[in-house]
Amino acid sequence: MVFSAFAAMIAPIAVALTVGLLGWTYRALKPPPPKICGSPDGPPVTSPRIKLSDGRHLAYREAGVPREEAKYKIVVIHGFGSSKDLNLPASEELVEELRIYFLFFDRSGYGDSDPNPSRSVKSEAYDVQELADKLQIGSKFYVIGISMGAYPNSCFLILLNGRSYFGNGFSHFYRLAGASLVAPFVNYWWPCLPANLSNDAFSRLLAQDQWSFRVAHYTPWLFYWWMSQKWFPSLSILAGNMAIFSQSDLEILKKWSEAPSVGQEKIQQQGVYESLHRDIMVSYGKWEFDPMDLINPFPNNEGSVYIWQGYEDRIIPFQVNRYLSEKLPWIHYHEVPDAGHLLIFESKNCEAVLRELVQR
């Protein structure tokens, strides 16, 4: 009798606790909706944009010589936590001498570009193609991918060869004239990497970054919770841990702090999940191709592909990109001895990247 009364009293409490726990879990795992630019609850649109075929908008910025007067046209793909408002420290004299037109754009979810809930390595490359088409930048253009912005470049090279991974739709990728991957992102789960190499490179990362990338790769549905929880340290770069930067990187960051670039406040304005979190989940997720699937897209030397890697880079260990370049000898590999991850933001390196890309 007493037990029955006790059970009758405990049962609704247990149900309430279970429902409460499930509700808390759902809220903890579910990212907040994005604040779309131009929507009633979102920030205003402050940049020129094009409308893509799927209805999304892509924001862009043009620089250098006027498009109609340019000899070389370069699409610049920004990295993690950056935007179209990044400044490449190339002198005006060099840009005028080479007659370079630059096209910068906010990748999906960043800045003024709409989020893409179906974002993938492939979709990023198609965004570049459609942007070039809409702005009619010409029959040939170059691409520079910086850090995490380099993974669309890899997809470009696959598409340029008309490989079968993504179905049809390769008709315009022949327009690529050359590509530079600067401090390019690496996925430690690429099948092509020997286990000893990937394990060694991965072990060089800070422990909190190793765990963040594991969560992004194995349980992406937990990634928002992982990045939001306070019990364990998550991604070091967002926590302000300066140990991930080399001495040359720190010097560049000091210059930036003294003269902040325009537009930095807009990078995450639509939500950290749609910009930063989704970027990491796509990068460290399961790819639809392997870098070793790449075939020289310029067999007749009508263009070139380059990797620029800082030897002192603590964010992307040089060993992996060195290995990939050795296995793909048609890639021109430059390992800069005294440079870190931010190598392109040092004037001499930036100008070297530009000259070799368009003049080789």
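Taking all atoms of both residues into account, the shortest heavy-atom contact from Cys37 to Pro44 is SG-O, 4.4 Å.
Of the listed residues (Lys266, His78, Lys84), just one forms a side chain to side chain donor-acceptor pair (under 3.5 Å) with Asp106, and that residue is Lys84.
Residues passing the side chain to side chain contact (heavy atoms under 4.5 Å, CB included) test with Glu312, sequence neighbours excluded: Ser246. Residues passing the side chain to side chain donor-acceptor pair (under 3.5 Å) test with Tyr110, sequence neighbours excluded: Asp279. The side chain to side chain donor-acceptor pair (under 3.5 Å) search around Asp127 returns Arg56, not counting sequence neighbours. Residues passing the side chain to side chain contact (heavy atoms under 4.5 Å, CB included) test with Pro194 are Asn196, Leu197, Tyr323, sequence neighbours excluded. Taking the side chain to side chain donor-acceptor pair (under 3.5 Å) definition, one finds that Glu335 meets it with Arg322, Tyr333, sequence neighbours left out. Judged as a ring pair (Phe, Tyr, Trp, His ring centres under 6.0 Å), and not counting sequence neighbours, His57 has no contacts.
The existence of a salt bridge linking Arg204 and Asp209 is excluded, since no basic side-chain nitrogen approaches an acidic carboxylate oxygen closer than 4.0 Å. Ion pairing between a basic and an acidic side chain is recognised when a charged N comes within 4.0 Å of a carboxylate O; Arg49 and Asp114 show such pairing. Salt-bridge annotation for Lys73 and Glu62: absent, with no side-chain N of the basic residue lying under 4.0 Å from a carboxylate O of the acidic one.
Judged purely by atom type and a 3.5 angstrom limit, Ser39 uses its side chain to pair as donor or acceptor with the backbone of Gly42. Formation of a donor-acceptor pair under 3.5 Å by the His341 side chain with backbone atoms of Ile315 is not found in this model. Between the side chain of Glu69 and the backbone N or O of Arg99 there is no donor-acceptor pair closer than 3.5 Å. Put simply, the side chain of Ser304 never gets that close to the backbone of Gly178: no donor and acceptor are under 3.5 Å apart. Using modelled atom types, no side-chain atom of Asn300 and backbone atom of Glu302 make a donor-acceptor pair closer than 3.5 Å. Proximity of a side-chain donor or acceptor of Gln229 to a complementary backbone N or O of Trp231 within less than 3.5 Å is detected. Between the side chain of Ser83 and the main chain of Asp85, a donor-acceptor pair closer than 3.5 Å is present. Of the possible donor and acceptor atoms, one in the side chain of Asp290 sits under 3.5 Å from a partner among the backbone N and O of Cys192. Between the Asp313 side chain and the Ala339 main chain, no donor and acceptor come within less than 3.5 Å of each other. A donor-acceptor pair under 3.5 Å is formed between the side chain of Ser325 and the backbone N or O of Asn321.
Using bins of under 30°, 30° to 60° and over 60° for the plane-to-plane angle, the ring pair Tyr218/Trp189 lands in the perpendicular bin. The aromatic rings of Trp256 and Phe345 lie perpendicular to each other, with more than 60° between the two planes, well past the 30° mark. Taking the six-membered ring where tryptophan is involved, the planes of Phe213 and Tyr284 are essentially parallel, since the angle between them stays under 30° and well short of 60°.
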Apply salt bridge (charged side-chain N to carboxylate O under 4.0 Å, His left out) to residues Glu258 and Lys254 and explain how you reach the verdict. CA-CA 6 Å; Glu258 294 168 351; Lys254 185 175 184 296; 2.7 Å; yes

Hey, mind stepping through Gln208 and Ser234 against side-chain hydrogen bond (donor to acceptor under 3.5 Å, both in side chains) and telling me if it holds? CA-CA 5 Å; Gln208 64 196 90; Ser234 55; over 6 Å; no

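Not less than 6.0 angstrom separates the ring centroid of Phe289 from the ring centroid of Trp190. Between Phe80 and Phe185, the ring center distance fails the sub-6.0 Å criterion. Aromatic ring centres of His277 and Phe223: separated by under 6.0 Å.
Under the 4.5 Å side-chain criterion, counting only non-hydrogen atoms from C-beta, Leu181 is not in contact with Tyr306. Side chains of Asn187 and Leu193 form no contact here, defined as non-hydrogen atoms less than 4.5 Å apart.
One side chain, Gln269 or Asp112, offers a donor N or O that lies under 3.5 Å from an acceptor on the other. Side-chain contact annotation: Glu346 with Ser248, donor-acceptor N/O pair under 3.5 Å absent.
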